[in-house]
Amino acid sequence: MSATRLDVRGFHAKSDAATQLLESIGRTFLEGFAAVAQARGPVQAHPELEAVPPPLRGFAYEGAAMACAILDALPTPGRDRVPALLTGPGAGHVYMTYVGVGWAMARLPRVLWSRLWAPDPLLRWLILDGYGFHEAYFHTERVVHRQRPPGDVDWPPEGYPSRVIDQGIGRALWFVEGADPDRITATIRSFAPHRHGDLYSGAGLAATYAGGADEDELRRFHRDAGEHRSAVAQGSAFGAQARVRAGNVVAHTAVATEVFCGVTPEKAAAVTNAELPDGDHADGPSYERWRQGIAAAFAGRSA
């Protein structure tokens, strides 16, 4: 649990309230992990996961998914924990589940990656988002301060995985910089320009889902994003969709979607559904078209 403290991680502490929120998210993640790791399976852990207060419950399921994925990947009997989580107690937290599998990916040897279960050809890209978040959170000096990519990931098409990983790094910046939009903006600008859009997308998602900034701070962050405001809106819509689907929309989510997207969380989530690509979703370009379609839908607000 001590590893979730901002001072232990060397992260920025903006205020007591923001610090308490971000640290509570980390603790909840670990509690979700422990609930599954110590139970016979995700179904047995369901009561403990559902006892988590709604604003934090998605993070518990994210940790639970990491535990399920690790246990499924180990060379032991049984590979049904992630499917059981997705079709059972975690059905409403599908986005967080895929991100949690990405955390497992970061901790497992590459030889076991093929055992990770990710059936949805579009949402499985969120695994790389989770992988990127993990690498920035635990290897901050190398990935954030020295801006070294986490490493090559064998996932077609060539070149696109690094962009999804950058979305996860952008989400992690929300924690690294203590939910301080000014510091997050400065950090993103220190990266190579071609990475800015994906980093802003991830930060917009974290601002909407995790919270920790007030309306004035969010408006300043939106303003300073400049040409990447539509990327912030796209990330915000992803965050809204995750909360709407799970039925745990909170006040800070509504503030964020109003600032970034100009609509309620429900309407932002509806845009993500409306922009789903048709046909085969297995390739990176389909996932990217989805993101671009969402960004374009909010382009007027982002101008």
Kindly say whether the aromatic ring centers of [X] and [Y] come within a distance under 6.0 Å.
X: Y137; Y: F29; value: no
X: W174; Y: F11; value: no
X: W125; Y: Y98; value: no
X: F133; Y: F175; value: yes

Note, [X] side chain near [Y] side chain (heavy atom, < 4.5 Å):
X: P119; Y: R124; value: no
X: L108; Y: R115; value: no
X: V36; Y: Q44; value: no
X: M1; Y: E31; value: yes
X: T19; Y: K14; value: no
X: L56; Y: S24; value: yes
X: L205; Y: Q167; value: no
X: Q241; Y: Y209; value: no

Shared hydrophobic cluster, [X] / [Y] (ILVMFWY, side-chain heavy atoms < 4.5 Å):
X: I165; Y: L126; result: yes
X: I25; Y: V250; result: no
X: V43; Y: L49; result: no
X: I169; Y: L128; result: yes

[X] to [Y] - nearest heavy-atom pair and separation:
X: R243; Y: P55; value: NH2-O, 2.8 Å
X: A136; Y: V176; value: O-CG2, 4.2 Å
X: L6; Y: A13; value: CD2-CA, 4.3 Å
X: T208; Y: S236; value: OG1-OG, 2.8 Å
X: D224; Y: Y200; value: O-OH, 3.7 Å
X: T97; Y: G90; value: OG1-O, 4.1 Å

Stepwise, does the side-chain contact (heavy atoms from CB on, under 4.5 Å) test hold for M105 with V101? CA-CA 6 Å; M105 178 180 176; V101 174; 5.7 Å; no
All side-chain contact (heavy atoms from CB on, under 4.5 Å) counterparts of S2, not counting sequence neighbours: none
Residues in side-chain contact (heavy atoms from CB on, under 4.5 Å) contact with A246, at least two apart in sequence or another chain: H93, N248
At what distance, to the nearest 0.5 angstrom, does OG1 of T185 lie from CG of L173? 10.0 Å
Measuring from atom CG of D182 to atom OG1 of T187, what distance do you get when rounded to the nearest 0.5 angstrom? 10.5 Å
Report the C-alpha separation of E23 and T4 in whole Å, then their side-chain angles, then the decisive distance to 0.1 Å, and conclude whether the side-chain hydrogen bond (donor to acceptor under 3.5 Å, both in side chains) test is met. CA-CA 6 Å; E23 290 181 346; T4 66; over 6 Å; no
As a quick check of understanding, evaluate side-chain contact (heavy atoms from CB on, under 4.5 Å) for L86 and V94, giving each step before the final call. CA-CA 6 Å; L86 275 172; V94 59; 3.6 Å; yes
Remaining members of the apolar cluster that contains V249, side-chain heavy atoms under 4.5 Å: V244
Test R229 against R223 for side-chain contact (heavy atoms from CB on, under 4.5 Å), laying out the working first. CA-CA 8 Å; R229 289 173 192 153; R223 179 200 68 199; 4.3 Å; yes
Just jot down the salt bridge (Lys or Arg N to Asp or Glu O under 4.0 Å) partners of D198, sequence neighbours excluded, or say none. R163, R291
Pair E258, T264 - check side-chain hydrogen bond (donor to acceptor under 3.5 Å, both in side chains), show working. CA-CA 6 Å; E258 173 58 34; T264 65; over 6 Å; no
For the pair K267 (side chain) and T257 (backbone), establish whether a donor and an acceptor sit closer than 3.5 Å, ignoring hydrogens and angles. no
Is the backbone of V143 close enough, under 3.5 Å, to the side chain of R148 for a donor and an acceptor to pair up by distance? no
May I have the list of side-chain donor-acceptor pairs in residues 59-72 shorter than 3.5 Å, sequence neighbours left out?
from: Y61; atom 1: OH; to: E50; atom 2: OE2; distance (Å): 2.6
from: Y61; atom 1: OH; to: P89; atom 2: O; distance (Å): 3.3
from: E62; atom 1: OE2; to: W103; atom 2: NE1; distance (Å): 3.2
from: D72; atom 1: OD1; to: D80; atom 2: N; distance (Å): 3.4
from: D72; atom 1: OD1; to: R81; atom 2: N; distance (Å): 3.1
from: D72; atom 1: OD1; to: R81; atom 2: NH1; distance (Å): 3.2
from: D72; atom 1: OD2; to: R81; atom 2: N; distance (Å): 3.1
from: D72; atom 1: OD2; to: V82; atom 2: N; distance (Å): 2.9

Evaluate the criterion side-chain contact (heavy atoms from CB on, under 4.5 Å) for residue pair C261 and F298; output intermediate values, then yes/no. CA-CA 6 Å; C261 307; F298 297 117; 3.6 Å; yes
So, E215 and R219, do they make that salt bridge, N to O below 4.0 Å? yes
Hey, what's the ring geometry for H228 with H196, parallel, tilted or perpendicular (30° and 60° as the breaks)? perpendicular
Residues passing the side-chain hydrogen bond (donor to acceptor under 3.5 Å, both in side chains) test with R195, sequence neighbours excluded, are D166
